[in-house]
Structures are given as structure tokens and as C-alpha cells.
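Down below is the structure, laid out as C-alpha cells.
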Amino acid sequence: MLKSRVCEAIGIRYPIFQGGMAWVSDGKLAAAVSNAGGLGIISAMNADENYVRGQIQLCRSLTDKPFGVNIMLMSPHVEAVAKLVVEEKVPVVTTGAGLPGKYMPAWIEAGIKVVPVVPSVAIARRVERSGATAVIAEGTESGGHIGELTTMALVPQVVDAVSIPVLAAGGIADGRGMAAAFMLGAEGVQCGTRFLSAYECGIHENYKQKVIAARDIDTQVTGRKLGHPVRALRNPFVNKFAEMERDPNVSEEELSAFGTGAVRKAAVDGDLQGGSFLAGQIAALVKKEQSAKEIVDDLMRETEEILSKAAERVFES
Ligand code: TUI
């Protein structure tokens, strides 16, 4: 049985978080992952506090296990959602796309375990000083909003810099990736892309099939010009965005307006032309639909098998 400080700190059976994904991670998916022994996470994305409250209630109606809410710090509703998680006494808050420092005292005071996503050593150190329970070191292989460093380079550097547990994210979708993360010093993982194909994931069937059909080279990063690089599966929307980004006559406002609503179009409408299908570089490893429990069980079985036989694999007897 794999041993991890993450399980003790969060109160979960397996050290696997399901990433908070905009228009993807709702109360139903989060409850399914938590019931499977991982940590399911509801995405607060750009939604208001009423939507997030509804998803928390839905999750609580489906599981009595710990779950999390991911707060996207660029959200226009961040202040209201930051208050809501305190009122609702949400067990775990993860954060993304910014520095959570100003909200952390109130969350910690309320007994919430705070686990920020960090793209660098300096930010990991800062959130540890602010009282984070653990950090998620997320490499640029991830889908959605990304940092610069790869998981392979970032994770061991963050592990050396902080004493709280580190979870690895970015490019992890099976037991090989999870075992490798543990070899880098991580004590848990966060997977997003792998859970896109879960039966309990309510995204449009076109999104699931696009992930299942993806090849290794099928993701592309756009949005660097706006200062918010985002990784998604290549399609007409991504091609057009990239073309507009290269055109010096297109203003940042026009670019930003073109991108607005595209993630919803992908996840809710399955709009293959106009949607932004956020997914990580590991999408090609996702080959079929499965239940959240099958995904968590596969990850754990593969990881334990690889790690327990690691020496046999590489040493001659
Ligand atoms: O947040 C994510 N992934 C996301 S958020 C999102 S919604 C969105 N859509 C378009 C543009 C921007 C956001 C879709 N996918 N992952 C966690 C993550 N956090 N990745 C990188 C960071 C991060 C970046 C900078 C965390 C802290 C940070 O601090 C530095 C600063 O200057 O704020």
C-alpha cells in the first residue's frame, strides 16, 4: 500500500486529486472521484457564488468524503467565492492562475486546507509561508492556463524548496507518470485530462471523443500575447486564435473578445469549430471512457506495481 503524507493531511485514501477544470469539474464528477478514494474538485471557474454553492450542495448530496473547490483567481467573482467556501466550510481549496495570499488567512482560520497550484519555486515558498497544507507543482504539459517549466524540471525543485507535501501535475495520466512523479519526490498527483473521459464527467460527447482521438502532437498553446498561455487541442478555433495573435493589426481587446466563451462552447455545446477544447499533452494516453473509480483504481494498481518492481526493472540480478 502506497504511503503518502497527502492522504493523512487531506483525509483521503489515495493521493490523487482530480484537477479543477472550467466547465468540466462539477459536483457530480467531484463526488465520483472522492467516492473512489481520491480528492474530487469542483471548478469555480468564472462562475458566481450561487452556481458554486449549488455544485457544493450537489457534491455533498452524492458523497460524505472530503472534496475541494478550485478557485480561479482571475475570476470576476473571486471575492464572493472566497467568502462562500468559508461559509460552506469546504474541506479543501485549491487555487490557480494567481497568488492566493490575501485570501489564505480567512480560509485557514475556517479550518480549510489550502493547496495552491504553483508554477515556480518562488511561489511555492510564498504559499508555504502563508500556511498552505500542500502545493501542486504544475508543469507546462498541462491543459488550460500554464506556466513555463516542465513537470520533470519543476517538481524536484519545488520538493527541495518546501517542507510541505508536493503533488505533481502536468503530463500524468497513468501509473507510469504517477510512479515517476513519486521518484521526483512528489507525494501525490493531480490529473485533469485523464478524468475528461470519465462516465461521470458531463462534458459533451464531442469533447470526450476529441480527447480519445488525440495524438501526441495535437495540443497547441495560444494566448502568450495576452500574458495567459492556454493549452488546448488543435482545431479551427485554436488555428484562428494563433493567426490573430501573429497579426500585428489585431488588438489585445479583439483577441480577448474572440476567446471569450470558447471553453463553454467546447464543454457544453461540443462545438468542434468554435470551442476551446482544453487538454494536456498526455491526452493521447486517454483511450477509452471509464468510471472515475476505474480510473483511480487503474492509477493506483499501476503505480504500486511499477514502484514495487522498480529495482527488478533496472538492475541485473
Ligand atoms: O489555473 C490553471 N489552469 C486553468 S485556469 C483556466 S481559466 C482561464 N482561461 C483563460 C485564461 C486564463 C485562465 C484554465 N486553465 N492551472 C493552475 C495554474 N496556475 N497554472 C499556472 C498557474 C499560476 C500562474 C501564475 C499560478 C500562480 C501564478 O502566480 C503568478 C502571478 O503572477 O499571478
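Scope of the values below: all heavy atoms of this structure, side chains included, with no hydrogens, waters or symmetry mates. Just so you know, ligand 1 is whichever comes first in the structure, and atom 1 is the first atom listed for that ligand.
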Taking the hydrophobic residues Ile, Leu, Val, Met, Phe, Trp and Tyr, and joining any pair whose side-chain heavy atoms are under 4.5 Å apart, which ones share a cluster with Val115? Val6, Ile10, Ile12, Phe17, Leu39, Ile41, Val92, Val117, Ile136, Leu167

Using the ring of each side chain (for Trp, its six-membered ring), is Tyr207 parallel, tilted or perpendicular to Phe277, with breaks at 30° and 60°? perpendicular

Heavy-atom proximity to atom 17 (C) of ligand 1 ranks first, among Ile146, Val117, Ile136, for Val117

Indicate the ring-plane relationship of Phe241 and Phe237, choosing parallel, tilted or perpendicular according to the 30° and 60° boundaries. tilted

Under 4.0 Å from atom 32 (O) of ligand 1, can you find at least one protein heavy atom? no

Please could you name the atoms of ligand 1 that Gly96 approaches to less than 4.0 Å, counting only its heavy atoms? 1 (O), 17 (C), 19 (N)

Answer yes or no: does an N/O atom from His228 fall short of 3.5 Å to an N/O atom of ligand 1? no

Would you sort out whether Lys293 and Glu200 count as a salt bridge (charged side-chain N to carboxylate O under 4.0 Å, His left out), showing the intermediate values? CA-CA 10 Å; Lys293 179 165 172 22; Glu200 299 89 343; over 6 Å; no

Identify the protein heavy atom lying closest to atom 10 (C) of ligand 1, giving its residue, its atom name and the separation to 0.1 Å. Val230 CG2, 3.9 Å

closest protein heavy atom to atom 1 (O) of ligand 1 is Ala97 N, 3.5 Å

Other hydrophobic cluster members with Val314, side-chain heavy atoms of Ile/Leu/Val/Met/Phe/Trp/Tyr under 4.5 Å, chained? Phe315

Assess whether a salt bridge exists between Asp174 and Arg176, defined as any Lys/Arg side-chain N lying under 4.0 Å from an Asp/Glu carboxylate O. yes

Is Glu187 salt-bridged to Arg5, going by a charged N under 4.0 Å from an acidic O? yes

Decide whether the shortest distance between a heavy atom of Gly98 and an atom of ligand 1 is less than 4.0 Å. yes

For ligand 1, which atoms have a heavy atom of Ile123 less than 4.0 angstrom away? 28 (C), 29 (O), 30 (C)

Return the option from Met72, His145, Met45, Gln190 holding the heavy atom at the smallest distance from atom 21 (C) of ligand 1. His145

Below 4.0 Å, non-hydrogen atoms only: which portion of Met74 touches ligand 1? Side chain, backbone, both or neither. side chain

Of all the atoms in ligand 1, which lie at a distance below 4.0 Å from a heavy atom belonging to Glu138? 16 (N), 17 (C), 18 (C), 20 (N)

Kindly indicate, with the supporting measurements, whether the criterion salt bridge (charged side-chain N to carboxylate O under 4.0 Å, His left out) is fulfilled by Lys240 and Glu245. CA-CA 9 Å; Lys240 178 74 184 165; Glu245 230 174 353; over 6 Å; no

Closest protein heavy atom to atom 24 (C) of ligand 1, given as residue, atom name and distance to 0.1 Å: Pro119 CG, 3.7 Å

